[in-house]
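Contents: one structure, followed by commentary.
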Amino acid sequence: MSLRTQLRKILPSISTTEQEALDAGDVWLEGSIYQGKPDFYSLRAIPDAKLSAEEKAFLDGPVQELLAMVDDFDIQSRVHIPENILEFLKKNKFFSLIIPKSFGGLQFSPYANSTIVATIAAKSSAVAVTVMVPNSLGPGELLMHYGTRDQQNYWLPRLAIGDEIPCFALTSPEAGSDAGGIPDIGVVTKGMYQGEEVLGLSVTWDKRYITLAPIATVLGLAFKVQDPDGLLGDTFELGITCALIPKSHSGVQLGNRHDPMGVRFYNGTTRGENVFIPMDFIIGGQKNIGRGWQMLVSCLGAGRGISLPALGVSVSQASFKSSAEYAAVREQFGLSIGKFEGIQQKLADIAGKTYLQEAMRVLTTEGLGLGLKPSVVTAIAKYHMTEIGRNVLESAMDIQAGKAIQCGPQNTLSSGYVAQPIAITVEGANILTRNLMIFGQGVMRCHPYLQSMVESIHSEDPKADKQFNGILTKTVGYSVGNSLRAFRLGLLPFTASAESRLPQVQPYEKAVKQLASKLAVYADFSLLVLGGKLKQAEMLSARLGDVMSYLYAAMASIRYFETKVTESARLEAEPYFHYATRWSLLQAEKAIHDFLDNFPSGATRQAMKLLTVTYGRRMPKISDDLVRELAEAAQMNTVIKKQLTQLIRPIAGDGNDINEQAYLAKMECLDLLAKLKQALRKKQVRAGVRFAQTIDNALAAGVITNDEAKQLQGYNIKRERAIRVDEFDFDLNLIQPQPELKAAG
């Protein structure tokens, strides 16, 4: 019995849906990471993402106007998003960020799309989701790539100006993450349409969790097609298909709503029973029957790589800005709470991870801007950026404590705190994304020979044995090369190369290469020892996916420091960069050790450790000194801090504005506050029960001038306003204004 025949019994064949998914996407930087040779040359050759003049004008114009219109606390108190906001979105083409200009759309870059969605999300999750859905997976993108010319000419101009509101229905009660198992069926048949008998489909569906469905005027629908009467040929099961159906079409049911955590975006159900649609309703026409899964997978990049990561970055930047400002102005025991190491530990983690989030957002959208559809990278972005966002937000809640849990217009965190789990569940639940998708897709996409080998193993071609032997020879050579590289870098780590001109970057670039070399070896041994069982070993494969993900994050951090941080701001950005990159490398190294500790074969485990010289932890640690340095830097009004909170645009009188005004007032008073504290220590001034009394005492003692006293009193009014929380009458109907709030206004 030949080796190919033996392997056929062990390795499962690639299913149709798996093959369509593999054929639909591109391999990008993740391929070089998987193969143990991170491609820093290609990383540095990527064109730098920047907003065009038109995109910047849109942010400064319509987006800024929208932010001024939105009162998120009011929206969350309603049942519906206010009609004037929906009309503003339509009028200003917020639903056409990705639609080409030739069809009346804005045709913005992925980077601009991400920036716009994230900026809106910082103000209102409900409005952001309403904007992001038509600009991610849905009828617009599917029509652009796969629609017939007639479909494009009819639908895209209407979608661009909001005359039509789209939704896309994929998820069924019986098929969520297993989208390939959807039970919704369209049967090929003949029926009446516009007074004529035509060939079409009788479709029955039951969908849920469909965003914008309650207000949609046109329904994108995914279902399986069957041809029991052979009207299209000899095949019974024709596969997943996507159609576009007007709401007005007979039998279409749209309107019932879900209540997603009380976040007031429109999300609901759609159903239909034996609804006849003509073949013209299929996106791309009859020829695209059965191509739906490939179409969907190839278009997932916008949702996974743009919209959902944008929500994670938005909540991180909101958490960073509000926590840093609150830590600076909130005082306990005579000190701002940002001076306490417990707060500093949380604040440094928020700051470092916010830097990392922004770096990953920029790099991922730059890849999408190249026209690529890297499904593994977008899965990495979706999973890790929504999870980091959740982690950062929890730390911000800890710092702001009572202020963070009292709902009202002044609370800058509550809306994001409630909405963050939503980003984690859509476009594939995060457990699925981490445990099955990242490495599961990565191993087939990124290995240079594996897919061809599996195909040759299951091939019925008479020349399959010869093809298999040739591929096997290349695979063995590839694996031997991986092992030699990993052994050299493990034994002689100083031999790793680094091309960066920045000395701060060079050790991290080398570390990325060292860890990637280990990943390549572990992936090879996992395939050799576990074979097809690696699919079921989800915890092991998830850890290998984590290594790939965190090395991608480290590369993003390096690129951001090299390209987005100006030379004049580089020194102040260093603690952010060091924290973010070290954290990423430490997570990758931890995943490696967890993988080795749990590998089922003891002999293989020892062989992998020997080949990669992995017997301890080598990655640079995050020291207490770095934590203190970053926490102090995070509370200063620097260029890098402004850059990492650029998505937060305070509107006069809102919570972000109240916090910022108090913070900026303190920054202007730092010398005066130091002077006052020195006088208190020398007992030149008697401390008052309240800070306002201390200022009066200092003025009376001649320690400060009248103008200085006014400046300090102005700061104190803003400080007191910032540390207050919203309060209501007994029936929670009316906000009770405080005298200090009026004075500060």
Side-chain angles (χ1 to χ4, degrees), residues 24-33 38-59 63 93-103 105-121 131-132 134-138 140-145 160 297-314 356-382 384-385 427 445 552-553 555-565 643 646-647:
D26 299 305
V27 178
W28 189 39
L29 296 172
E30 75 279 20
S32 67
I33 295 171
D39 190 351
F40 280 90
Y41 176 81
S42 293
L43 178 75
R44 294 184 173 110
I46 300 167
D48 188 16
K50 293 179 180 177
L51 296 175
S52 68
E54 184 182 3
E55 291 164 347
K56 191 175 185 307
F58 189 82
L59 269 166
V63 172
K93 298 189 176 182
F94 278 84
F95 297 152
S96 70
L97 302 182
I98 64 172
I99 293 176
K101 291 182 179 180
S102 57
F103 294 104
L106 295 174
Q107 199 174 344
F108 285 167
S109 67
Y111 175 66
N113 186 350
S114 167
T115 303
I116 291 164
V117 169
T119 302
I120 299 169
V131 170
M132 89 183 196
N135 293 297
S136 56
L137 176 61
E141 187 166 14
L142 290 169
L143 283 168
M144 283 160 48
H145 294 290
V297 172
S298 70
C299 291
L300 279 174
R304 287 196 180 132
I306 297 177
S307 301
L308 297 172
L311 298 185
V313 176
S314 172
L356 187 64
Q357 289 270 69
E358 180 67 1
M360 292 179 72
R361 179 181 83 90
V362 172
L363 178 58
T364 304
T365 54
E366 285 173 337
L368 293 169
L370 294 172
L372 299 173
K373 296 183 181 296
S375 59
V376 175
V377 160
T378 53
I380 288 171
K382 188 267 175 178
H384 287 280
M385 294 173 73
E427 295 282 7
R445 287 181 178 278
Y552 174 77
M555 292 177 74
S557 178
I558 288 170
R559 174 170 171 79
Y560 194 86
F561 189 70
E562 290 183 338
T563 61
K564 289 296 185 181
V565 178
Q643 193 170 320
Q646 62 178 309
L647 300 174

Whether Phe94 and Phe58 hold their rings parallel, tilted or perpendicular, with breakpoints at 30° and 60°:
tilted

Hits for ring-ring contact (aromatic ring centres under 6.0 Å, His included) against Phe561, two or more places apart or cross-chain, chain-then-number order -> Phe577

Apply side-chain hydrogen bond (donor to acceptor under 3.5 Å, both in side chains) to Thr115 and Arg361, showing your working.
CA-CA 9 Å; Thr115 303; Arg361 179 181 83 90; 2.9 Å; yes

Measure the shortest side-chain to side-chain distance between Met360 and Ile380 over non-hydrogen atoms and say whether it is less than 4.5 angstrom.
yes

Give me the atom names and distance for the closest heavy-atom approach of Val117 to Ser307.
CG1-O, 4.3 Å

Closest heavy-atom pair, Glu55 versus Ala112, reported as atoms and distance to 0.1 Å, is CD-CB, 3.3 Å

Report the C-alpha separation of Thr119 and Leu59 in whole Å, then their side-chain angles, then the decisive distance to 0.1 Å, and conclude whether the side chain to side chain contact (heavy atoms under 4.5 Å, CB included) test is met.
CA-CA 9 Å; Thr119 302; Leu59 269 166; 3.9 Å; yes

In this structure, which one of Ile306, Asn113, Leu308, Leu97 forms a side-chain contact (heavy atoms from CB on, under 4.5 Å) with Met132?
Leu308

Rounding to 0.5 Å, atoms OG (Ser109) and NZ (Lys50) come to a distance of 13.0 Å

Among Leu372, Leu370, Val377, which one satisfies side-chain contact (heavy atoms from CB on, under 4.5 Å) with Asp26?
Leu372

Can you sort out the partners of Tyr560 under ring-ring contact (aromatic ring centres under 6.0 Å, His included), two or more places apart, ordered by chain and number?
Tyr355

Closest heavy-atom pair and its distance - Met385, Gln357:
O-NE2, 3.0 Å

Shortest non-hydrogen separation from Leu363 to Trp28 and the atoms involved
O-CH2, 3.4 Å

Is it true that a side-chain atom of Glu30 and a backbone atom of Tyr552 form a donor plus acceptor pair closer than 3.5 Å?
no

Given Arg559 and Glu366, is the salt bridge (Lys or Arg N to Asp or Glu O under 4.0 Å) satisfied, shown in steps?
CA-CA 11 Å; Arg559 174 170 171 79; Glu366 285 173 337; 2.7 Å; yes

Taking all heavy atoms of Ser96 and all of Gly105, pick out the closest pair and write down the distance.
OG-CA, 3.7 Å

Rounded distance [0.5 Å steps], CD1 in Ile116 versus CG in Leu106:
7.5 Å

Do you know which two heavy atoms are closest between Gly305 and Thr365, and how far apart they sit?
O-CG2, 4.3 Å

Using the rule given for side chain to side chain contact (heavy atoms under 4.5 Å, CB included), can you reason through Phe108 versus Glu54, listing the C-alpha separation, both sets of side-chain angles and the distance that settles it, and then say yes or no?
CA-CA 9 Å; Phe108 285 167; Glu54 184 182 3; 4.1 Å; yes

Please check: side-chain N/O of Thr378 versus main-chain N/O of Pro374, any donor-acceptor pairing under 3.5 Å?
yes

Side-chain (Ser314) to main-chain (Ala118) donor-acceptor, under 3.5 angstrom
yes

Spell out, as yes or no, whether a donor-acceptor pair under 3.5 Å connects the side chain of Ser42 to the backbone of Asp39.
no

Does a salt bridge link Lys564 with Glu358, judged by any charged N lying under 4.0 Å from a carboxylate O?
no

